[in-house]
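Remarks on the structure that follows.
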Amino acid sequence: MARSLGWVLGLLALGLVAAQAWSRQEQWLPLWRQLQARDVVAVVGLCLIMQLLLGLAWHVFVHGRLVRDRLLGDQLRWGQSLLAKYLPGKIWQGVARGALYAHDRGSGAAFVLFVREQLLSLGISALIAAAAAPAALSPRLGEGFQCAFLAAAAALTWIAMLKRLPEPVMARLPAIVRDGIAERPDAATMRRVWVLQLAGYVAMCAAFALLTASFGLRLDALRLSAALCFAGLAGVAALFVPAGLGVREAGLFWCLSPLIGAANAAMLALAWRVAITFAEALFALLSFVVGMRRR
């Protein structure tokens, strides 16, 4: 039931954004004609670099340092689990990651590490989202928005670094999960992972800024990055919507429409969805192909 509802809500939100773009084609079609093939290649390339950096962060998380003979294998597992987030319920990406490490680290330890990884990542996203308040908010509400996201960034990072949960919670967890929580990487490893994840987010925001500029739209890069990360967090909050489908586009539309108009904001949100989804699918496909060749 939750899976079906997630798809319906996501597609409904996506359809509403698409309707905004469709009904105002005359406003954004001239911008679309400015898009060059080299710009598309550069945007997809930056998205792939983002995935490589996030995969490298996962590798360092697993081993605590760079291990050259394990690097490719960890990158491939990262990519192979990537598309699982398109299943309703983002927990499936963690399940897929755990299954891929079942005969290596153990599925429970890998799943706990995945949760820590996601919390660190969400903390970075909240930190970037706090950099600029959406233009749709009043100055006072905007300040509250930024303070709330700064607090969320700090809380998510702190939770990711916890070595133990409260005892009543720990007692209810399976032993394999409790053991995984106790195996928290050291502080130096957590800092390295955080820096690599931040670099991945910088590549993603650069890709979005380049896509925006390719349409001839001139917007502050920091505001674009904040809007993109806010939309991503909204997609994550919609737990049963696959990969935040529709929710992210609606979030981007809400943030950007006061700045560039409803038509351009809707077009840009949809164009970004196509670009990031294509890059993720390509990265996952390459991961499976290289993995099969290695075997």
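As the structure is a prediction and not an experimental result, all values here were calculated from the model.
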Q) V43 and A275: which non-hydrogen atoms are nearest, and at how many Å? A) CG1-CB, 4.1 Å

Q: Answer with yes or no whether the hydrophobic clustering places L252 together with L222; edges join I, L, V, M, F, W, Y residues whose side-chain heavy atoms lie under 4.5 Å apart.
A: no

Q: Could you check L256 against N264 for side chain to side chain contact (heavy atoms under 4.5 Å, CB included), going step by step and ending with a plain yes or no?
A: CA-CA 9 Å; L256 298 180; N264 292 337; over 6 Å; no

**Q.** Within-4.5 Å side-chain heavy-atom neighbours: L228 and W272
**A.** yes

Q. Which atom names give the shortest non-hydrogen contact between I124 and Q197, and what distance separates them?
A. CD1-CB, 3.5 Å

Q) Are the side chains of Q34 and D39 in touch, meaning some heavy atoms are under 4.5 Å apart? A) no

Q: Take T189 and R65 through the test side chain to side chain contact (heavy atoms under 4.5 Å, CB included) and record every step on the way to the result.
A: CA-CA 7 Å; T189 297; R65 58 188 178 85; over 6 Å; no

Q | Nearest-0.5 Å distance, CG of residue L282 to OG1 of residue T277 | A | 12.5 Å

(Q) Restricting to non-hydrogen atoms, name the atom on A57 and the atom on V193 that form the minimum distance, rounded to 0.1 Å. (A) O-CG2, 3.6 Å

Q) Are V274 and L35 joined in one hydrophobic group, where the rule is that I, L, V, M, F, W and Y side chains link up if heavy atoms are under 4.5 Å apart? A) no

**Q.** Donor-acceptor contact below 3.5 Å, side chain W58 vs main chain D74
**A.** no

(Q) Return the SG to CG distance between C47 and L52, rounded to the nearest 0.5 Å. (A) 11.5 Å

Q: Using a 4.5 Å cut-off on heavy atoms from C-beta on, say whether the side chain of F61 contacts that of R192.
A: no

Q. If every non-hydrogen atom of R223 is compared with every non-hydrogen atom of A132, which pair is closest and at what distance?
A. CA-CB, 4.0 Å

Q. Between L156 and L120, is any pair of side-chain heavy atoms under 4.5 Å apart?
A. no

Q: Evaluate the side chain to side chain contact (heavy atoms under 4.5 Å, CB included) criterion for residues I276 and M50: first the C-alpha distance (whole Å), next the side-chain angles of each, then the deciding distance (0.1 Å), finally the verdict.
A: CA-CA 10 Å; I276 191 67; M50 172 192 71; 3.7 Å; yes

**Q.** Close side-chain approach of Q51 and W78, heavy atoms under 4.5 Å
**A.** yes

Q.
How long is the straight-line distance from CG of L141 back to CD of Q146, given to the nearest 0.5 Å?
A. 11.5 Å

Q: Under the side chain to side chain contact (heavy atoms under 4.5 Å, CB included) rule, what do L46 and M204 come out as? Steps first, then yes or no, please.
A: CA-CA 7 Å; L46 283 169; M204 178 185 71; over 6 Å; no

Q. Is a side-chain donor or acceptor of H59 paired with a backbone partner of V67 at a separation under 3.5 angstrom?
A. yes

Q. To the nearest 0.5 Å, how far apart are CZ in R273 and CG in L268?
A. 13.0 Å

Q. Looking only at atom types and distance, does a side-chain atom of E249 sit under 3.5 Å from a main-chain N or O of L14, one as donor and one as acceptor?
A. no

Q. Checking S121 side chain against E117 main chain: does a donor-acceptor pair fall under 3.5 Å?
A. no

Q.
If you compare all heavy atoms of A42 against all heavy atoms of L210, which two are closest, and at what distance to 0.1 Å?
A. CB-CD2, 3.4 Å

Q.
Ring-plane angle category for W254 and F230, please: parallel below 30°, perpendicular beyond 60°, tilted otherwise.
A. tilted

Q. Are V195 and W158 joined in one hydrophobic group, where the rule is that I, L, V, M, F, W and Y side chains link up if heavy atoms are under 4.5 Å apart?
A. yes

(Q) With a 4.5 Å cut-off on side-chain heavy-atom distances among I, L, V, M, F, W and Y, is there a chain of contacts connecting W32 to V44? (A) yes

Q) Do Y201 and S125 come close enough that some side-chain heavy atom pair is under 4.5 Å? A) yes

Q: Taking all heavy atoms of G200 and all of L54, pick out the closest pair and write down the distance.
A: CA-CD2, 4.4 Å

(Q) So, taking the atom named CG in L270 and the one named CH2 in W28, what distance separates them when rounded to the nearest 0.5 Å? (A) 8.5 Å

(Q) Between M267 and R24, is there a side-chain heavy-atom distance shorter than 4.5 Å? (A) no

Q) Rounded to the nearest 0.5 Å, how far does CD of Q36 lie from OG of S214? A) 8.5 Å

Q. Any side-chain heavy-atom pair from L119 and M161 closer than 4.5 angstrom?
A. no

**Q.** ILVMFWY cluster, L48 and F278 together (side-chain gap under 4.5 Å)
**A.** yes

